[in-house]
Amino acid sequence: TGRRRLLALIEGARAVLPFTGAGISTECGIPDFRSPGGVWTKNAPIDFRDFVARRAMRDEAWRRRFALEEQFGAAQPGRGHHALASLWRAGRAPAVVTQNIDNLHQASGVAAQDVVELHGNTTYALCLSCAARYEIAWVRERFDATGHAPDCACGGHIKTATVSFGQAMPEAEMRRAEELTLRCDLFLAIGSSLVVWPAAGFPLLAKRNGARLVILNREPTEFDEIADLVVHADIGDVLAPLVSH
Ligand code: OAD
């Protein structure tokens, strides 16, 4: 079966590169973006340029962020995260490249420097001008006290450390993801619809560079046709056996 072949491919690979999307975190209670009940299915995303231009947008973005904290603030890593952490710990995967912003790869034990976050991290905030770091709880206290999202002492706007539509991709992470992609011989795309660019370019690059491409996702994706193996199944179910391996 597909699952057996996937485990065999992992077994035989020199360097596995896991590349994850929101699907790996749904079993942790965090919704993905494009499924029914997904984040973008409910609210249209706030564009970065609107965030910068309008205080009402910043307030709205922060209200949404606080609502997430109530729903998912206590989310714990799932079976997929633990499986990838064990691959990393065993030295079979040098790093995990992720589009996720939920910090769950780090929480599952992968060292922070080996989690390559293409879309940033929502568990803390940064000043857009001076890059000072702020904790979400601090922003919330200020918001509750004043009714508005606070600005930094330098006057810059404070935003979760995520990459919004309209915002530049992080350069160092893009470079690292490219290097890792070019060095792997097995690229595992896990739980992503693979429709968001430039992130979706990495599975393509891996394939072009001669690596095997495996796609593990409940639904079909853009790149199923070019993949060496497609497994349409639940991520936790498929990856759980890796932990005991
Ligand atoms: P999507 O919501 O687009 O895709 C998640 C995929 O995971 C879907 O195809 C689901 O079918 C699948 N899925 C969900 N739960 C699963 C499970 N338990 N087992 C197997 N498959 C499952 O999320 P992403 O591809 O991560 O960017 O979205 C990419 C980017 O779009 C995000 O990083 C975010 C969003 O806009 C930014 O915010 C910049």
Side-chain angles (χ1 to χ4, degrees), residues 1-3 6 18-51 57 60-61 64-65 68 72 75-84 96-105 108 115-123 125-126 128 159-171 173-174 177 187-204 213-225 227 229-242:
T1 68
R3 298 171 192 218
L6 170 55
F19 170 90
T20 63
I24 197 170
S25 296
T26 53
E27 76 170 23
C28 313
I30 302 174
D32 63 14
F33 291 92
R34 293 173 181 80
S35 291
V39 174
W40 299 154
T41 319
K42 286 193 181 155
N43 277 314
I46 294 174
D47 189 274
F48 181 67
R49 287 151 292 201
D50 292 330
F51 182 96
M57 277 297 172
E60 172 62 15
R64 288 187 194 180
R65 178 63 188 82
L68 290 186
F72 320 116
Q76 297 297 313
R79 292 172 295 170
H81 298 99
H82 290 302
L84 298 183
V96 176
V97 176
T98 188
Q99 300 169 85
N100 298 344
I101 58 177
D102 55 26
N103 208 54
L104 291 181
H105 288 298
S108 71
V115 181
V116 182
E117 294 177 315
L118 297 176
H119 294 161
N121 188 308
T122 196
T123 63
L126 294 173
L128 293 175
K159 181 180 171 291
T160 55
T162 51
V163 178
S164 298
F165 289 109
Q167 189 171 7
M169 293 294 286
E171 279 175 38
E173 282 77 2
M174 287 296 287
F187 189 101
L188 297 181
I190 300 169
S192 176
S193 57
L194 304 177
V195 296
V196 174
W197 290 77
F202 292 111
L204 209 57
L213 173 61
V214 174
I215 296 177
L216 169 55
N217 203 58
R218 206 153 52 193
E219 289 172 280
T221 76
E222 302 274 297
F223 297 135
D224 285 6
E225 271 176 36
L229 175 66
V230 178
V231 183
H232 287 156
D234 180 77
I235 294 161
D237 287 350
V238 172
L239 294 185
L242 271 183

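One-based numbering along the sequence shown. Order of listing sets the numbers, starting from 1, for every ligand and every atom in it. A quick note: this is a predicted structure, and the numbers were derived from the prediction, not measured.
- The Phe165 neighbourhood of ligand 1 comprises atoms 36 (O), with distances under 4.0 Å to a heavy atom of that residue.
- Side-chain N or O atoms of Ser35 include none that pairs as donor or acceptor with a backbone N or O of Asp32 at under 3.5 Å.
- Close approach of ligand 1 to Gly21 (heavy-atom distance below 4.0 Å) involves ligand atoms 26 (O).
- What sits closest to atom 36 (O) of ligand 1 on the protein, heavy atoms only, is Trp40 NE1, 2.7 Å.
- With a heavy-atom cut-off of 4.0 Å, Leu118 does not touch ligand 1 at all.
- Between Phe223 and Trp197, the ring planes lie perpendicular to each other; the angle is over 60°, past the 30° to 60° tilted range.
- No N or O atom of Val196 sits closer than 3.5 Å to an N or O atom of ligand 1.
- For ligand 1, one of its N or O atoms has an N or O atom of Arg34 under 3.5 Å away.
- When each atom of ligand 1 is checked for a heavy atom of Glu219 under 4.0 Å away, the hits are 8 (C), 9 (O), 10 (C), 11 (O).
- Checking side-chain atoms of Arg79 against main-chain N and O of Pro241 turns up no donor-acceptor pair under 3.5 Å.
- For ligand 1, the atoms closer than 4.0 angstrom to any heavy atom of Ser35 are 10 (C).
- Atom numbering of ligand 1 starts at 1 in the shown order; those under 4.0 Å from a heavy atom of Thr26 are 14 (C), 15 (N), 16 (C), 17 (C), 18 (N).
- For Ala233, every heavy-atom contact with ligand 1 shorter than 4.0 Å involves the backbone, none the side chain.
- Given atom 18 (N) of ligand 1, the protein heavy atom at minimum distance is Asp234 OD1, 2.9 Å.
- With Ser192 as the fixed residue, the side chain to side chain donor-acceptor pair (under 3.5 Å) test singles out one of Glu222, Arg34, Gln99: Gln99.
- A donor-acceptor pair is defined here as one N or O able to donate and one able to accept, closer than 3.5 Å; such a pair exists between the side chain of Gln167 and the backbone of Ser164.
- For Phe187 and Phe202, the ring centers are positioned 6.0 Å apart or more.
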task: Let me see the working for Arg218 and Asp237 under salt bridge (Lys or Arg N to Asp or Glu O under 4.0 Å), right down to the final yes or no.
output: CA-CA 11 Å; Arg218 206 153 52 193; Asp237 287 350; over 6 Å; no
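- Protein heavy atom at the shortest distance from atom 26 (O) of ligand 1 is Ala22 N, 2.8 Å.
- Looking only at distances, no side-chain donor or acceptor of Asn100 sits under 3.5 Å from a matching main-chain atom of Asp102.
- Within ligand 1, the atoms closer than 4.0 Å to a non-hydrogen atom of Gly191 are 5 (C), 6 (C), 7 (O), numbered from 1 in the order shown.
- Protein heavy atom nearest atom 29 (C) of ligand 1, with residue, atom name and distance: Gln99 OE1, 3.3 Å.
- Looking at His81, its side chain does come within 3.5 Å of a backbone N or O of Gly78 through a donor-acceptor pair.
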